[in-house]
Structure formats: C-alpha cells, structure tokens
Amino acid sequence: MTNKVLLGLIVILFVSTSVASANDFGTKVLRVTGSDNVARFVSVYAKDYMAEHPGSSIIVVGGRTATGVRDLFEGRAELAMASRRLGPSEYEKAEQNGMKVAEKQVGWCSIVVVTHPSNPVNELTKAQVAGIFKGEYSNWNAVGGPDRPIKVIAVEDKHSDPVVFLKENLLGGQPYTRDATVVSAITTVLPKVLETEGSIGFCRVTDLEYRERRDSIAGHSASQGGGHGIAPKSLPKVLAIRESSGTPAITPPTSHKNHASVAAHAVDSSPYPVRYPLYIYLSGNAAGPLTKEFADYCAKRGMGRMMSTGH
C-alpha cells in the first residue's frame, strides 16, 4: 500500500470518528451529502458560514443525488444535495418515514456545449443544438459553418442528472442521432471532442473548470521546473448559446477559481439559456436549529426560495 493511499484511509477514518464523537458530545456538527455539482457551492457556503459562526462544524461530502437523499431519509445526513428535484417515489418514502421534506434552491449548473478548437463556428441557438443532437443537422454548413460532417459526442447515463435534464428539456425526450458516438460518462466528453475534428458534445461547467484548473496547475509546475510555463492546450472551444435567433449569444461563466465560479453561478442574474437549478433538502418537521439556519444561509447565498413540499 502506497503512502498516499494509506494517508487517504487515515483521513477518512479520522473524519468518520470525528463525526461520531461530535454527535455523542452534542457538538454542533452538520452532515451534508449528495450531488457533487451542488457540493461545489455548499462547500464554499460551509467554509464561509463556519468562519462567521465559530464552533459550528459542517462536513460536506459530494457524490450522487440519490446517495444524499438516501442518507437524509436514513438519518446519516441532515441535508441532502440534489441536482434535480425529488420524484414522487422519494416524497412517498419520506412520508413513510414521517418526514416532511423542505426544498431550497442554492445555485445553478450550466451545461456547456463544446466543439473541436478548429471549428470556426462560435455560437448556436438552443434549437440548433437540439437539432444537431437529434440528427436534424448533419453538416456544419447547415448552421453557418464549413462543409464538414458534424460528429456528435453524446452521453448515455440514466443516473446522470445533467444528461437527464438535457434529454428531457432540450431534446424534448427524443433520442440522440443514430450517428452519435455515445460515451458512458460525461467526464469523458472533453477528451473525445478534442481528438475528433468536426465534433460537438456537452458537459457540466464543473467538468470544464476541472480541466482548466488542471491545465493551470500543469503550466505553473512547468514554470517552477524551469520550463516555459505553458499549460497544455487541452480545452475545446466553448460555444455561446442563444435562447432564440433574436436574443444575445451567451457564453457560460467559467473559472477554475472556485469562489469566482460559485459567485457567477449562484445568483439568478445570468441569462445563459442551458442550465438547471440545484437544491438542498432537509426535514422540515424535524431539522435542528443549525440545519435550518445553514439551509437558510445557503438559500440566501443561492437566491433560492423555500418551496412547497406538497406532492
């Protein structure tokens, strides 16, 4: 076992032990689990909240929406992070557990449409994006580009919230074009687009930010090591999107500096047209003071509102 793996295990054991001990002795400890998309917001909010409220302890663990919801229902977390709204079966399970679920919006996630860097096309309308992924347009000259076949890179993952959102809301429930190259994970879209001329794909803004951050670190390391300090050119072209043909073309805000990115995506001021809301859920009838206060804090930071829980 390597030292890095051993250190990781020690950290995990330490956090788990700290949570148990803190709960045993009545310390203010709040456990938040669920969607990693939401975690990038909530982790920033948690850091700021703890700085403003000494003695409070908030542990944020990213993963999948379903995991956070299950943790909330089974008492392993006080807040669940979700990059989709809960479904009828989840509300039914909450009621069976005697829980009245409360929902708060804490931010937005942009879906970024990307193409190969050599593509001269800089913008598309939402209808054109939908038409390309459904196969209505098969050549870039149909959307103002060169005479070159469009190569769609699509993601098929029924457990991925952004994939479900794009297929249901942008494609209207229609399937991808039969000519699409289908990958199993959204994180593999960027490298696939970069190696395929004439390609187009989509990812979360967080996937693009991760790659920006990685390249920035690589460039810094090269500089420190006596190199030229030039980061690898491994970013695709980000396309600006128009709501319709008569509206402005908007590029989603991206930044590998976490606080700057969260600030840009939290509030409802960006008109970027391909995005979906992010939520946290809590027990509206059994949550403790810290849970309620931090949930309100997150909603205020994300310009969210308390939503009705009647389903």
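Worth knowing before you read on, the calculation uses all heavy atoms, side chains too, and leaves out hydrogens, waters and symmetry mates.
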### Sequence neighbours excluded, every pair satisfying ring-ring contact (aromatic ring centres under 6.0 Å, His included) that has a member inside residues 61-90
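Every pair satisfying ring-ring contact (aromatic ring centres under 6.0 Å, His included) with a residue in residues 61-90: there are none.
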
#### Entry: Qualifying ring-ring contact (aromatic ring centres under 6.0 Å, His included) pairs with a residue from residues 117-148, counting only residues at least two apart or across chains
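Applying ring-ring contact (aromatic ring centres under 6.0 Å, His included) to every pair that reaches into residues 117-148, excluding sequence neighbours, yields F133-F202.
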
When you compare the side chain of [Y] with that of [X], does any pair of heavy atoms fall below 4.5 Å?
| X | Y | result |
| --- | --- | --- |
| I280 | F294 | no |
| D147 | N139 | yes |
| V189 | D207 | no |
| C203 | I111 | no |
| I200 | I132 | yes |
| R148 | S118 | yes |
| L79 | T291 | yes |
| V143 | L124 | yes |

Minimum heavy-atom separation for [X] and [Y], please, with both atom names.
| X | Y | value |
| --- | --- | --- |
| A295 | L282 | CB-CD2, 4.0 Å |
| V193 | P236 | CG1-CB, 4.1 Å |
| T251 | A240 | OG1-CB, 3.4 Å |
| Y272 | P252 | CE1-CD, 3.2 Å |
| R204 | C109 | CB-SG, 4.2 Å |
| S83 | V38 | N-CG2, 3.9 Å |

### Task
Test salt bridge (charged side-chain N to carboxylate O under 4.0 Å, His left out) on D157 and K167 and set out the steps.
CA-CA 11 Å; D157 181 358; K167 294 187 73 173; over 6 Å; no

With distance as the sole test, does [X] use its side chain to make a donor-acceptor pair with the main-chain N or O of [Y] at under 3.5 Å?
| X | Y | value |
| --- | --- | --- |
| N169 | L166 | no |
| N97 | M99 | no |
| N285 | K100 | yes |
| T196 | S199 | no |
| S43 | A39 | yes |
| E78 | L30 | no |

What distance separates [X] [atom1] from [Y] [atom2], expressed to the nearest 0.5 Å?
| X | Y | atom1 | atom2 | value |
| --- | --- | --- | --- | --- |
| I153 | T188 | CD1 | OG1 | 9.0 Å |
| L278 | K104 | CG | NZ | 16.0 Å |
| T65 | M81 | OG1 | CE | 9.0 Å |
| L86 | E92 | CG | CD | 13.0 Å |

### Query
Going through the checks in order, is the side-chain contact (heavy atoms from CB on, under 4.5 Å) test met by K47 and I58?
CA-CA 8 Å; K47 183 177 179 180; I58 303 172; over 6 Å; no

#### Entry: Under the salt bridge (Lys or Arg N to Asp or Glu O under 4.0 Å) test, residues paired with E52 that sit two or more places apart
none

### Task
I would like to know whether V205 and R40 meet side-chain contact (heavy atoms from CB on, under 4.5 Å); could you show each step before the answer?
CA-CA 11 Å; V205 69; R40 75 187 183 110; 3.4 Å; yes

### Message
Side-chain heavy atoms nearer than 4.5 Å, only ILVMFWY residues, links allowed to pass through others: does that put V164 and V274 together?
### Response
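No, V164 and V274 fall in different hydrophobic clusters.
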
Side chains of [X] and [Y]: do they bring a donor and an acceptor to under 3.5 Å?
| X | Y | answer |
| --- | --- | --- |
| Y279 | Q105 | no |
| E195 | H116 | no |
| T33 | D71 | yes |
| N37 | T206 | yes |

### Task
Name the orientation class of the two ring planes belonging to F41 and Y45 (parallel below 30°, tilted from 30 to 60°, perpendicular beyond 60°).
tilted

### Query
Parallel, tilted or perpendicular: which describes the rings of H53 and Y297, with under 30° parallel and over 60° perpendicular?
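Rings of H53 and Y297: perpendicular, over 60°.
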
### Task
Let me see the working for Y49 and L290 under side-chain contact (heavy atoms from CB on, under 4.5 Å), right down to the final yes or no.
CA-CA 11 Å; Y49 181 90; L290 176 59; 3.5 Å; yes

### Message
Taking atom NZ as the centre, does K151 end up with more than 12 heavy-atom neighbours from other residues, nucleotides or ligands that are less than 6.0 angstrom away?
### Response
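No, not enclosed.
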
### Task
Kindly state each residue pair satisfying salt bridge (Lys or Arg N to Asp or Glu O under 4.0 Å) with at least one member in residues 115-136, sequence neighbours excluded.
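Sorted pair list: E123-R242, K126-E243, K134-E136.
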
### Task
Enumerate the residue pairs fulfilling salt bridge (Lys or Arg N to Asp or Glu O under 4.0 Å) with a member in residues 106-115, sequence neighbours excluded, ordered by first and then second residue.
none

#### Entry: Result of checking R85, R84, R70 against E90 for salt bridge (charged side-chain N to carboxylate O under 4.0 Å, His left out)
R84

Listing, residues 170-181 side-chain donor-acceptor contacts under 3.5 Å, not counting sequence neighbours, or none:
{"residue": "Y176", "atom": "OH", "partner": "V155", "partner atom": "O", "Å": "2.6"}
{"residue": "T177", "atom": "OG1", "partner": "D179", "partner atom": "N", "Å": "3.3"}

### Query
Should the pair R64-D161 be classified as a salt bridge under the 4.0 Å nitrogen-to-oxygen rule?
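Between D161 and R64 there is no salt bridge, as every charged N stays at least 4.0 Å from the carboxylate O atoms.
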
